[in-house]
Protein chains: 2
Amino acid sequence: MQTVARKSEKKPELREAILQAAQELFLEVGFEHFSMRRLARKVGYSPTTLYIYFRDKQDIIYSLCEGLFEQYLAELRQVAEGETDSLARLKKLFLLSIRFGCNHQDHYHVAFFSSAAIYGRPEEFLSRDSLARRSYFFIRQVVVDCIAAGVLRPADPELVTQALLTASHGIIAAHIFWKDFPLASPDVLGETLLHNLLEGFQA
Amino acid sequence: MQTVARKSEKKPELREAILQAAQELFLEVGFEHFSMRRLARKVGYSPTTLYIYFRDKQDIIYSLCEGLFEQYLAELRQVAEGETDSLARLKKLFLLSIRFGCNHQDHYHVAFFSSAAIYGRPEEFLSRDSLARRSYFFIRQVVVDCIAAGVLRPADPELVTQALLTASHGIIAAHIFWKDFPLASPDVLGETLLHNLLEGFQA
DNA sequence: CATGAAGGTTAACACCGTTAAGTGGCCTCG
DNA sequence: CGAGGCCACTTAACGGTGTTAACCTTCATG
């Protein structure tokens, strides 16, 4: 007997099939109506089977989000490479982030605004290496570069990053939740925010 | 027979008692674990009784939030009156908002980040007069004043208000949901954000 | 052929929001 | 005084949720 048949490495095929179905269901019905029973029905197995391949609902959703973050991080890198001016690069990265968040509302919702906000749990963000974490460090590094290059005035890079990040985060949040509010488009709002905020940060 | 015994004006005492208990329960167990059945148990009636005095769960929560917004609006006015310099006033209003949101996380959560985000439903924000709506208009007016006085450079006041608002909103969101993330304190973050953002907006 | 594990199921627990139907007491009117 | 009716509230139920314990098959191996 294999003493440690590491959880959920039994039959990768079905695990992958579940994730695939979960992704589709998630987009079909939205985060609100995504349930284990529905997923089971969709994938053609009984609900309990899901618990053989995943620890719980959160585990499934976490996997979905990590998958998306992979894509996000790739886009971040692409944008960063395509822009030589460090300040412009910083701005573009945040504009991308805002657009990305708004384009994947359900994922963003469940990742950062859910009751059990996936990336806010004590054991997650700093201790475990998640793609969300890597994205954060990636962006912070760009801020550090800007300060080092003298493009941004000397300041605590952590604080600058967080100010930019939370502000962008707020735009996405508003876009997701204030459906009826006649909010300016994410692009316009993001442009306004970043232009003026960065002006304040500039040397 | 009274043809229209306007909904929920039957016995104000019990209605008030329910709201009182709801408020307590809300603070005790948090938004996540607030349920109608728990509330009923706490107040000493059967769950169905609640539906005599309130349309549904959302109705109760809405009432709770409006109660808190009343307090918020009062504080807004107080701060506005206490500061003559219009730019400083604007800044103080947002710092107050951030602090207020962080101090009443569950209310803020349910009001602006809940699945059925109370103030984001089509029939709510713009059509019905809510205290949230009044708060928004109140702040926007201060922005308008700043632009009129030439303290802020000429710009679409709606856009400026929304940029400030969503950014502040993001700080609160981060504070509520990213429990494990080593985030700067709301005050520091708010100060940083507003100082630099307003610098960008200035004439 | 028996053993045992792999892979999946049924049934159940403890919740949830909400509603239809029913019950007991009190007030009013004939 | 008695009957009707309404008021305030309850019981029982519907259809849903995440999750777990216990139970079946099927199949390969000693």
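Numbers restart at 1 for each chain; the letters A, B, ... are given by sequence-line order, proteins then strands. For the numbers below, each heavy atom of this structure counts, side chains included, while hydrogens, waters and symmetry mates do not. Every value quoted in this text rests on a predicted model; they were computed, and no experiment measured them.
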Rounded to whole Å, how long is the line connecting atom [atom1] of [X] with atom [atom2] of [N]?
X	N	atom1	atom2	value
B:Ile52	D:dT10	CD1	P	8 Å
A:Arg41	C:dT9	CZ	P	14 Å
B:Tyr45	D:dA8	OH	P	11 Å
A:Tyr51	D:dA21	OH	P	13 Å
A:Met36	D:dT20	CE	C1'	12 Å
A:Leu50	D:dT20	CG	P	13 Å

For [X], what residues pass the salt bridge (Lys or Arg N to Asp or Glu O under 4.0 Å) criterion, not counting sequence neighbours?
X	result
A:Glu24	A:Lys42
B:Asp85	none
A:Lys57	none

With A:Ser97 via side chain to side chain donor-acceptor pair (under 3.5 Å) - residues at least two apart: A:Tyr72
Side chain to side chain donor-acceptor pair (under 3.5 Å) against A:Ser63, all qualifying residues, sequence neighbours excluded: none
Of B:Lys57 and A:Gly44, the one whose closest DNA chain C nucleotide lies more 5': A:Gly44
Salt bridge (charged side-chain N to carboxylate O under 4.0 Å, His left out) pairs, two or more places apart, involving residues 183-195 of chain B: B:Lys91-B:Glu191, B:Arg99-B:Asp187
Results of side chain to side chain contact (heavy atoms under 4.5 Å, CB included) for B:Arg38 - residues two or more places apart only: B:Leu25, B:Val29, B:His33, B:Ser35, B:Arg41
Ring centre gap for B:His169 and B:Phe113 strictly below 6.0 Å: yes
Distances under 3.5 Å only, N/O to N/O: pair up the protein atoms with those of nucleotides 10-12 of chain C.
| residue | atom | partner | partner atom | Å |
| --- | --- | --- | --- | --- |
| C:dT10 | O4 | A:Thr48 | OG1 | 3.4 |
| C:dA12 | N6 | A:Arg37 | NH2 | 3.4 |

Helical bend (five base pairs per end, nearest 10°) for the helix from C:dC1-D:dG30 to C:dG30-D:dC1: 40°
A:Tyr53 vs C:dG8: side-chain N/O to OP1/OP2 distance below 4.0 Å: yes
Sugar-phosphate only, base, or nothing, as touched by B:Thr49 at under 4.0 Å among non-hydrogen atoms: base
